[in-house]
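Each residue takes its place number in the sequence, starting with 1. Just so we're clear, the structure is a prediction, and the values are computed from it rather than from any experiment.
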Amino acid sequence: MRRILSGVLSLGLLAAAAASPVLAAPNELVIGRAASAATLDPGFLREAGTLVDNVFDTLILRDTEMKLIPGLALSWAAIDDTTWEFKLRPGVKFHNGEAFDATAVKFTFDRVIDPDAKSPTISYVRSVVGVDVVDPLTVRVRTNGPDPLLPTRMSRYPAYIVPPKYIAEVGKDVFARKPVGTGPYKVTEFVQDDRVVMVANPDYWRGKPTIGRVVWKPIPEATARIAALVSGEVQLIEGVPAELVSLVKASPELNLEQVRNGGLTIYLGLKSTEKPLSDVKVRRALSMAIDRKTIVAEILKGLGTATGSQTSPADFGYKAIEPPAFDPAKAKALLAEAGYPDGFSIKMQVPRRYISSAEVGQAIAQQFAAIGVKAELEVPEWSVYAQQVPAGKQAPIYMLAWGSTQTLDADAALFAILRTGEPYSTVSMPALDTLLDQSRKIVDADKRKAVLLEIQDKMVEGVPLLTLYQEDSLYAARKELVFKGRPDARLPLFDLKFGP
């Protein structure tokens, strides 16, 4: 009954929205998002880099075919096993007029790799031990061993280059609210939980962007996002809810952009050093209690792929792993062997952030209950939860999404959530640590791939977390907006335009 009533209300709301269209200002794009940004400092993000992608530049970019191309660096080359040299683009300036140069590159990495700074994104550049200024347009990046992924690490956060003089002048807290980059758009307003406003940078080194003004508007409730799109209040939304995909497809004014397996991999993190999760039999039991395929088919409406692998088919080092078998009877037997014949109670957090994630959390709680595990489910606000997780303050079982959009390499999908001590890891398995460290220092591609595959085998054996499914990326846009989804999950404003 609740599902039917929700559908009726949705249809009514969308019809009302369509009846009273709101016209966007000329050359203005409004984007509806599921959550508000917490910070715009690219070195200290606790969320996807969707907004900062458009304010800052990296030394290396990716084109639409996902090939690495020159960005703020014109060229790069390894000069020995642990040193890469980058030749920088001349004449580039930050939005405030400050010159981009080698000093800015050094400053950017020094502030992220400083252990006292506790950057939540340090995992991506953990191999970097220092940056040396050779001359104003040349830097050398030193690593703690051979790092075959170093160029790829330079293509996204936390490698966005920031202005040292401006940050010294205003401080990191002001910079996080009023950022200055070299990118295609300048931030003019940042009101948390309300809006982020950007205007085109007329002096951008790649040329002036086509769209003059962009407003990012958080609209947490999914039906309200769709209604805003139908009415014309916004022209593009992220996170189309599964139950409303058919409505978007049926609308003559809207386009659905679906990137198959283009989203992140959803998993349940486990505080595996705490009882009862410290017992591998308990972790296996919880995994076998989850009916992943039914969740994807019925709750996600097929807009995802049940999987046993944290890596993506597009990743180097991907291993196809079937979803763990759904077997409640065996799960109960494993709990009994572990000393929990009557089950146990445990807290679980699932944010309302991913496709139908709260509903998925409720389904999993019911499936856990079927084997005697009482999951005390919380559905926290994303802005709070995004701060809790890297600080280790989340529940013993918690939902998170991770992936390899940083590098399109298995390393990005695995290291940050498996390596002991990383901000987003609650895993502590020495055998995994050894392999993860090895994988970052092997230059030979075949040998490195073998280690990445072995890591994934160890995951199947040790169950350090519960992989669920990989989402599709789902966007909806007004037909007048020319928009194409990307496999690296970027939303590059520079490439967008309004059609005739």
- Message: Test your reading of the model: is there a side-chain donor-acceptor pair from R292 to the backbone of A306, 3.5 Å cut-off?
- Response: no
- For Y124 and P158, indicate whether the former's side chain and the latter's backbone hold a donor-acceptor pair under 3.5 Å. no
- For Q456 and G317, indicate whether the former's side chain and the latter's backbone hold a donor-acceptor pair under 3.5 Å. yes
- Centroid separation W402 to Y267 less than 6.0 Å: no
- Show the numbers, then the answer: is there a ring pair (Phe, Tyr, Trp, His ring centres under 6.0 Å) between F494 and Y204? CA-CA 10 Å; F494 186 79; Y204 187 46; 5.5 Å; yes
Result block: side-chain N/O donor-acceptor pairs under 3.5 angstrom for residues 31-39, not counting sequence neighbours:
{"from": "R33", "atom 1": "NE", "to": "E238", "atom 2": "OE1", "distance (Å)": "2.9"}
{"from": "S36", "atom 1": "OG", "to": "D193", "atom 2": "N", "distance (Å)": "2.8"}
{"from": "T39", "atom 1": "OG1", "to": "D41", "atom 2": "N", "distance (Å)": "3.1"}

- Query: Hey, what do you get for OH (Y385) to CD (Q349), rounding to the nearest 0.5 Å?
  - Reply: 5.5 Å
- Task: Taking all non-hydrogen atoms of both residues into account, name the closest pair between T121 and G43 and its distance.
- Result: OG1-O, 3.1 Å
- Task: Kindly assign one of parallel, tilted or perpendicular to the pair F344 and Y340, based on the angle between their ring planes and the thresholds 30° and 60°.
- Result: perpendicular
- Task: Pick out which of R177, R195, K178 makes a side-chain hydrogen bond (donor to acceptor under 3.5 Å, both in side chains) with E189.
- Result: R195
- Could you tell me whether the side chain of K217 and the main chain of V196 form a donor-acceptor pair under 3.5 Å? no
- Message: I'd like to know if the side chain of Q470 pairs up with that of T307 as donor and acceptor (distance under 3.5 Å, no hydrogens or angles considered).
- Response: no
- Rounded to the nearest 0.5 Å, what's the gap from CZ on R478 to CD1 on I237? Could you check? 11.5 Å
- State whether the side chain of K271 and the backbone N or O of Q394 hold a donor-acceptor pair below 3.5 Å, judged by distance alone. yes
- Note on the structure: Distance col, row L268:CG vs T467:OG1, nearest 0.5 angstrom, shows 9.0 Å
- Message: Quiz question: by atom type and distance under 3.5 Å, do the side chains of T311 and S309 form a donor-acceptor pair?
- Response: yes
- Message: Under a 3.5 Å distance rule, please check whether T152 uses its side chain to pair with a backbone N or O of L149 as donor and acceptor.
- Response: no
- Item | salt_bridge(R352, E381) N-O dist < 4.0 Å | no
- Note on the structure: Here the gap from Q366 atom CD to D291 atom CG, rounded to the nearest 0.5 Å, amounts to 12.0 Å
- Query: For F44, what residues pass the ring-ring contact (aromatic ring centres under 6.0 Å, His included) criterion, not counting sequence neighbours?
  - Reply: none
- Query: Aromatic ring centroids of Y166 and F94 under 6.0 Å?
  - Reply: no
- Query: How many angstroms lie between atom CG of D409 and atom CZ of R440, to the nearest 0.5 angstrom?
  - Reply: 9.5 Å
- Message: If only side-chain N and O atoms count, and only distance matters, is there a donor-acceptor pair under 3.5 Å linking S473 with Q258?
- Response: no
- Message: Would the distance check show the side chain of D315 and the main-chain N or O of S312 forming a donor-acceptor pair, the cut-off being under 3.5 Å?
- Response: yes
- Minimum heavy-atom distance R126-P423, with the two atoms named: NH2-CD, 4.2 Å
- Task: Of all the heavy-atom pairs spanning A395 and K347, show the shortest one and how long it is.
- Result: CB-O, 3.7 Å
- Task: Please name the pair of heavy atoms, one in G308 and one in P324, separated by the smallest distance, quoted to 0.1 Å.
- Result: CA-CD, 4.2 Å
- Message: Using a 3.5 Å distance criterion without hydrogens, assess whether the side chain of N54 forms a donor-acceptor pair with backbone atoms of L493.
- Response: yes
- Message: Please report the interatomic distance OG(S287) to CG(L270), rounded to the nearest 0.5 Å.
- Response: 9.0 Å
- Under a 4.0 Å N-O cut-off, is there an ion pair linking E243 with K301? no
- Please confirm whether the backbone N or O of S127 pairs with a side-chain atom of R153, one donor and one acceptor, at under 3.5 Å? no
- Query: Counting N and O atoms only, with roles assigned by atom type, does the side chain of H95 sit under 3.5 Å from a partner on the main chain of V180, one being a donor and the other an acceptor?
  - Reply: no
- Does the ring centre of Y157 sit less than 6.0 Å away from the ring centre of F56? no
- Task: Please determine if R213 and E28 form a salt bridge, counting it only when a charged side-chain N lies under 4.0 Å from a carboxylate O.
- Result: yes
